[in-house]
*Asks:* 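There's a structure below that I have some questions on.
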Amino acid sequence: MNVLRLGVDVGGTNTDAVLLDISDRQVLASAKHPTTPDVTQGIQCAIQTVLDHVPHTTDIQAISIGTTHFVNALVERNRARLDRVAVIRLCGPFTHGTPPFVGFPLDLKNLLSGPCFLLSGGLQIDGSEIASVSTAEIESACDKIDTEDIHAVAIISVFAPIDFTIKQEEHVASIVRAKLPHLNVVCSKDVAHIGLLERENATILNASLLRYAKKTVTGFQKAARALHLRCPVFITSNDGTLLDCAQAAKLPIRTFSSGPTNSMRGAAFLASLQSDISKESALVVDIGGTTTDIGMLLPSSFPRQAAAYHELCGVLLNFSMPHVTSIGLGGGSIVRQDSHSKRVTIGPDSVGHRITCEARVFNGATLTATDIAVAAGRVSIGDVSRVAGLEQSMIDGAQKAIKNMLQNTLDAMKTSATDIPVYLVGGGSILAPDELVGVSRVHRFPHYDVANAVGAAIAQISGTIDLFEDISSTPVSEVRKVIEAKAIARAVASGAAPNRVSIVESEVIPIAYTTGRCRFYVKAAGDWSGNAVPDEVDDTDSGSNPLSENVIAPPSTTSDAIPGETFSLDSADSVLSYKPRVQDNQWFLSEIDLEWIADGCYVLGCGGGGSPLHIFLELREMVRAGEVIRVIDLGSLTPDALVGWGGGMGSPEVSSERLLGNEYNEACADLWAYLGITKPDALCGLEIGGGNGMINMITAATKHYDIPIVDGDFMGRAYPTWHQTTANVYDETGRGLNLLPSAISSGDGNVMIMTKAKKDTSVDVSLRAACVEMG
């Protein structure tokens with residue numbers, strides 16, 4: 001018996017549906033239907049069209065839906081669909097300078113932020129506890145949460161993704177559920193990977209959507225039942241694999257980028273049906289009604305993933321998403337010609353789903369990219385006579401602009417100069433030329449216009465493992481095999497057919513400055529076995545909002561930004577006209593100054609120093625609270641002035657999770673006390689690269705010691721070891737006299753001062769040994 005799958009993809013302009021025969025690998029039917037204000041209705045209409053090609057709906061094994069419902073709720077800042085979130089962070093004495101929501105855009109922060117609690121708990125990188133969970137603290141937090149209009153609680157513990165034995169987050173979740181059974185509770189380890197703030201951000205966004213997600217997923221199920229379909233309903237995820245309805249209702253954030261992923265996976269499937277296409281990397285260009293998404297398809301038929309950290313809706317996240325670049329080019333993009341230069345431009349604004357009434361070929365008054373394609377003879381749709389009078393210079397100029405836009409973006413996505421193939425998908429692909437520079441061949445496969453729905457139909461079941469493992473006594477290759485076996489087992493447990501599962505991603509990531517441990521990231525994926533899956537969605541307390549919440553709402557026109565906020569430089573002119581505040585030979589740092597310094601430190605941190613992001617966010621919070629950070633020139637100090645210097649030491653993997661507490665201030669204060677001074681005349685950076693380029697600013701701010709920062713550092717970039725500094729270069733004794741005395745603090749009770757060394761290299765070695773012992 002043939003295995004049939006229904007694939008659906010909901011876009012901003014159209015809702016596409018396909019009926020796929022998985023066993024014979026062919027598309028049986030496809031349909032496009034305008035995305036309706038009530039999105040569920042559009043899905044039903046598109047599905048009904050393809051169902052006319054099926055004698056018996058019982059032959060359909062599953063429905064897979066790719067949806068933009070949840071990400072659109074965030075993009076639109078839709079108050080009707082988003083809940084305020086309370087946050088419980090288990091961190092002990094660490095991370096307090098960068099509280100929850102610290103990196104959120106102000107309007108989104110004001111929309112979502114609930115009460116936040118930084119409490120006892122958290123783990124070190126070796127799995128030991130920073131501190132134990134305090135039940136009394138958690139219960140007290142619950143009492144405060146209960147007094148506010150909160151529907152969701154996010155629980156985040158330092159190094160939660162490697163907590164397999166103590167299970168702090170799970171323990172706290174059980175307490176919260178017992179005290180507040182009517183609230184949704186989300187643990188960060190279920191949402192994203194290593195990287196505390198990014199995982200916390202993802203957990204907060206996920207929690208804010210839970211009530212809406214339950215209602216929406218239930219609506220999808222009801223739509224299927226209304227069409228007399230009794231098969232399971234799946235939702236496609238960011239990485240091209242399937243979530244059952246229960247999973248999607250709990251983890252709506254995993255659907256955010258399913259659209260681009262479906263397009264790339266669908267393109268790979270359509271390419272595989274062609275006898276002359278080899279399995280190689282290719283660029284997939286998905287041209288829709290408003291935008292063009294471009295991504296790299298790997299030989300595994302899965303998209304290349306984005307960097308470890310990426311931004312969505314202005315929020316930094318770290319869960320799996322495809323590496324996609326979007327440009328403002330689509331079938332509805334508006335075409336203009338400058339009256340003086342005659343230069344033709346395309347977009348980025350678009351008529352979008354209104355193309356069927358606003359484009360000229362559809363008797364509208366707006367010249368769109370689709371009109372250009374019709375005028376150029378690339379396609380025949382609508383009333384061709386409506387564009388017959390266009391000047392050839394306008395047609396040629398528009399086609400040249402489209403070609404340049406695509407070629408520039410394709411070149412940026414390539415990782416080598418070698419020509420590679422391009423797979424065109426999406427209804428707007430009629431805009432693209434047949435030849436592009438840097439492209440070996442441009443392909444338009446049959447059914448290219450519904451490739452996104454094809455990708456939804458073929459989505460697989462996956463299992464992912466992301467953890468730190470000991471490699472001191474076992475070869476990396478053997479540890480990797482064990483973890484790959486666990487990933488396969490996890491995929492099978494989630495519903496994949498055991499004989500169809502394979503490893504699609506396997507990465508070993510060394511941990512800087514440490515030995516004997518590595519991070520392993522492994523993903524296995526395979527076809528769904530066809531066995532029963534959880535299909536019940538807990539719709540209790542999903543709110544009083546009716547199913548009509550699926551109606552697309554216009555973006556909010558109100559702003560929640562802080563009144564008087566002026567730190568938005570959104571043009572080249574505003575950047576060039578910006579002037580730092582300098583008075584009395586002192587530079588008083590603003591948010592913009594801090595942001596630009598952080599960018600420079602990131603570039604110069606190529607040799608280490610950790611990311612400056614968390615330091616920047618802590619400093620920005622200080623400046624927003626009215627604290628002052630001053631920078632002075634070295635020449636303004638007296639010859640006998642005492643200048644303090646130093647920085648953070650250890651693995652960036654630790655600093656990405658166990659964010660800075662008070663350890664640097666504590667080390668400075670204890671060293672100054674040892675020297676018999678209250679504070680130095682100024683502070684200077686150990687290195688300008690990475691977080692160490694800015695860490696002294698925290699200590700120097702008026703919130704702490706009110707000390708000026710010297711405009712300079714002791715490395716000129718970031719080097720790996722303490723003795724690779726200017727101060728040590730000028731010490732001819734070779735015993736590190738300019739490096740000592742030095743103090744090191746763990747931040748949770750341990751402080752050590754080193755006063756002498758046999759040779760300069762011993763200083764770094766000794767302090768790093770202490771650093772490892774301190775976690």
*Asks:* Do the charged groups of D349 and R336 touch, with an N to O distance under 4.0 Å?
*Replies:* yes
*Asks:* Can you confirm whether V522 sits close enough to E505 that some side-chain heavy atom of one is under 4.5 Å from a side-chain heavy atom of the other?
*Replies:* no
*Asks:* Can you name the residues that form a side-chain contact (heavy atoms from CB on, under 4.5 Å) with P433, not counting sequence neighbours?
*Replies:* K403, L406, L436
*Asks:* What's the verdict on side-chain hydrogen bond (donor to acceptor under 3.5 Å, both in side chains) for R25 and S272, showing C-alpha distance, side-chain angles and the deciding distance?
*Replies:* CA-CA 9 Å; R25 295 178 61 80; S272 71; 2.5 Å; yes
*Asks:* Does the side chain of P421 reach to within under 4.5 Å of the side chain of V439, using non-hydrogen atoms?
*Replies:* no
*Asks:* Can you give me the closest heavy-atom contact between D9 and G259, atom names plus distance?
*Replies:* OD1-CA, 4.0 Å
*Asks:* Let me know which of T292, T291, T290, V285 forms a side chain to side chain contact (heavy atoms under 4.5 Å, CB included) with L329.
*Replies:* T292
*Asks:* Any non-hydrogen side-chain atom of I294 less than 4.5 Å from a side-chain atom of D286?
*Replies:* no
*Asks:* Can you find a pair of side-chain heavy atoms, one from H323 and one from M413, that are under 4.5 Å apart?
*Replies:* yes
*Asks:* Are side-chain heavy atoms of P299 and E280 found at a separation under 4.5 Å?
*Replies:* no
*Asks:* Please give me the minimum heavy-atom distance between S333 and I346, naming the atom from each residue.
*Replies:* CB-CG2, 3.7 Å
*Asks:* Decide yes or no for V233 and V217: does some side-chain heavy atom of the first lie under 4.5 Å from some side-chain heavy atom of the second?
*Replies:* no
*Asks:* Decide whether T368 and D371 meet the rule of one side-chain donor and one side-chain acceptor closer than 3.5 Å.
*Replies:* yes
*Asks:* Does anything in residues 418-450 form a ring pair (Phe, Tyr, Trp, His ring centres under 6.0 Å)? List the pairs, not counting sequence neighbours.
*Replies:* Y423-H443, Y423-F445, H443-F445
*Asks:* Does a side-chain heavy-atom distance below 4.5 Å link F269 with L20?
*Replies:* yes
*Asks:* Would you please test L229 and I47 for side-chain contact (heavy atoms from CB on, under 4.5 Å) and show each step?
*Replies:* CA-CA 10 Å; L229 293 168; I47 291 177; 4.1 Å; yes
*Asks:* Checking side-chain contact (heavy atoms from CB on, under 4.5 Å) for the pair F302/R265: CA distance, chi angles, key distance, verdict?
*Replies:* CA-CA 6 Å; F302 280 86; R265 292 275 293 142; 3.9 Å; yes
*Asks:* Of all residues at least two apart in sequence or in a different chain, which pass the salt bridge (charged side-chain N to carboxylate O under 4.0 Å, His left out) check with D293?
*Replies:* none
*Asks:* Above 12 or not: heavy atoms from other molecules or residues under 6.0 Å from CZ of R500?
*Replies:* no
*Asks:* Determine whether N452 and V425 satisfy the following criterion, side-chain contact (heavy atoms from CB on, under 4.5 Å), listing intermediate values before the conclusion.
*Replies:* CA-CA 8 Å; N452 45 11; V425 298; over 6 Å; no
*Asks:* Mind running side-chain hydrogen bond (donor to acceptor under 3.5 Å, both in side chains) on K214 and N184 for me, showing each step along the way?
*Replies:* CA-CA 11 Å; K214 291 177 182 179; N184 290 308; 2.8 Å; yes
*Asks:* Using a 4.5 Å cut-off on heavy atoms from C-beta on, say whether the side chain of V501 contacts that of R490.
*Replies:* no
*Asks:* Answer yes if the side chains of N238 and S258 hold a donor-acceptor pair under 3.5 Å, and no otherwise.
*Replies:* no
*Asks:* Would you call D434-R441 a salt bridge at under 4.0 Å N-O?
*Replies:* no
*Asks:* Can we say D449 and K32 salt-bridge, meaning some charged N sits less than 4.0 Å from an Asp/Glu carboxylate O?
*Replies:* no
